[in-house]
Amino acid sequence: GNGGCGYVPKPEHMLNSEFGRAHSFPCDYSPSSSNKRTSVPRAAKLHITVLSGIGWETFIQLNSLDTPWSCVCVEIAGALVDRTHSWTSLVHVDERSGDKAQPVWQDRFDFMVADVDLAVVLITAWHKRLGYTFLGQYAFPLAEIRPGWRRVPLLDTHGEPQEGNPALVCLFEFEQS
């Protein structure tokens, strides 16, 4: 959304002066208000299933016998009440290339989101050994996600594509509130 510039425009309910900082989420809109343009945040239940990784050969160093112990963090940023994160299980693959070198999680996460228009989903992949080593990341506005299976590319720390195009296969599902 927004041409990939990373800017998330303010939702209508935040542009209205009646909303203000003093209101809590969800907005305590009064039907007796003289301003009929006041809107409330759109809420939804979001289900994200992290199925597997693809292109994981990118993370195997040729001079090392070690293969990644991988995990994924799925984070929701936005309104204060929506900020949360969940982790997949830790998966280790012994193969260094091919289909068997790709991690499979099949972990499902459920998030209640009070303000869909303000929420941003951040997905980050990590290698865990003694500590956490960054593998890749991708962030996008929740309002822009289409339901269904998606290939989520893993970008480097600068937001650039990585050699080998590693990615995650994820399922996105919504229940509107």
Side-chain angles (χ1 to χ4, degrees), residues 1-2 4-8 11 25 41-61 64 66-96 99-175 177:
N2 282 333
C5 69
Y7 171 76
V8 178
F25 278 85
R42 290 187 305 142
K45 186 171 188 178
L46 170 66
H47 309 283
I48 299 177
T49 302
V50 179
L51 177 64
S52 65
I54 51 178
W56 236 243
E57 295 91 348
T58 300
F59 306 127
I60 298 172
Q61 298 186 2
S64 170
D66 192 22
T67 55
W69 288 80
S70 306
C71 58
V72 175
C73 179
V74 179
E75 183 176 350
I76 307 294
L80 216 62
V81 298
D82 293 337
R83 295 179 188 171
T84 187
H85 66 279
S86 295
W87 289 84
T88 63
S89 53
L90 190 60
V91 171
H92 181 253
V93 291
D94 292 322
E95 299 296 320
R96 297 179 66 77
D99 289 343
K100 292 186 178 181
Q102 313 311 317
V104 176
W105 291 279
Q106 297 183 357
D107 290 349
R108 178 185 163 118
F109 306 108
D110 300 318
F111 301 100
M112 287 302 301
V113 180
D115 192 345
V116 170
D117 296 312
L118 200 57
V120 174
V121 178
L122 172 62
I123 299 177
T124 313
W126 299 91
H127 165 68
K128 182 162 182 357
R129 196 57 168 186
L130 299 174
Y132 286 95
T133 303
F134 175 84
L135 295 178
Q137 66 181 350
Y138 198 77
F140 41 87
L142 178 56
E144 300 291 323
I145 296 176
R146 293 176 298 154
W149 290 102
R150 302 283 173 245
R151 179 187 183 279
V152 179
L154 291 174
L155 307 178
D156 67 14
T157 55
H158 303 288
E160 300 294 326
Q162 298 189 64
E163 184 178 326
N165 296 316
L168 295 168
V169 177
C170 299
L171 173 63
F172 297 96
E173 302 169 286
F174 293 97
E175 292 176 31
S177 297

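No experiment lies behind these values; they were computed from the predicted model shown. For the single chain, residues carry numbers from 1 onward in sequence order. Computation of the quantities below employed the complete heavy-atom set of this structure, encompassing side-chain atoms and omitting hydrogens, waters and symmetry-equivalent molecules.
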With sequence neighbours left out, what residues match D156 under salt bridge (Lys or Arg N to Asp or Glu O under 4.0 Å)?
none
Side-chain contact, heavy-atom cut-off 4.5 Å: [X] with [Y]?
X	Y	result
R151	I54	yes
I76	V121	yes
L154	L135	no
F140	I145	yes
L46	F109	no
V74	V50	yes

Please round to the nearest 0.5 Å and tell me the distance separating atom [atom1] of [X] and atom [atom2] of [Y].
X	Y	atom1	atom2	answer
E75	I123	CD	CD1	11.0 Å
S86	R108	OG	CZ	12.5 Å
L142	D117	CG	CG	8.5 Å

Please verify the inter-ring angle class for W56 with F59; under 30° counts as parallel, over 60° as perpendicular, anything in between as tilted.
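The arrangement is perpendicular - the two ring planes meet at more than 60°.
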Assign the ring pair W87 / H85 to parallel, tilted or perpendicular, where the plane angle (0 to 90°) is split at 30° and 60°.
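Taking H85 first and then W87, their aromatic rings stand perpendicular (interplane angle over 60°).
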Looking only at non-hydrogen atoms, find the nearest pair between [X] and [Y] and report the distance.
X	Y	answer
L118	A79	CD2-N, 4.0 Å
V93	A101	CG2-O, 3.3 Å
T58	G164	OG1-CA, 3.5 Å
P166	Q162	CD-CB, 3.9 Å
V113	A119	CG1-CB, 3.8 Å

Carefully, step by step, assess L51 and W149 under the rule side-chain contact (heavy atoms from CB on, under 4.5 Å).
CA-CA 9 Å; L51 177 64; W149 290 102; 3.8 Å; yes
Distance-only, no hydrogens or angles: does the [X] side chain make a donor-acceptor pair with backbone N or O of [Y] under 3.5 Å?
X	Y	value
T88	V72	yes
R83	G78	yes
D82	A114	yes
E160	L155	no
S70	H127	no

Passes side-chain contact (heavy atoms from CB on, under 4.5 Å), D110 versus K45? Steps please.
CA-CA 7 Å; D110 300 318; K45 186 171 188 178; 4.1 Å; yes
Can you find a side-chain donor-acceptor pair between E57 and Q102 that sits under 3.5 Å?
yes
Can you tell me if T49 and D107 form a side-chain donor-acceptor pair at under 3.5 Å?
no
Whether over 12 other heavy atoms sit under 6.0 Å from E173 CD
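Result for CD/E173: enclosed.
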With a 6.0 Å cut-off on the ring centroids, do F172 and F174 count as close?
no
side-chain contact (heavy atoms from CB on, under 4.5 Å) between L168 and W105, worked out
CA-CA 10 Å; L168 295 168; W105 291 279; 3.7 Å; yes
Evaluate V91 against W69 for side-chain contact (heavy atoms from CB on, under 4.5 Å), listing each step before the verdict.
CA-CA 5 Å; V91 171; W69 288 80; over 6 Å; no
R42/D115 ion pair, N-O < 4.0 Å
no
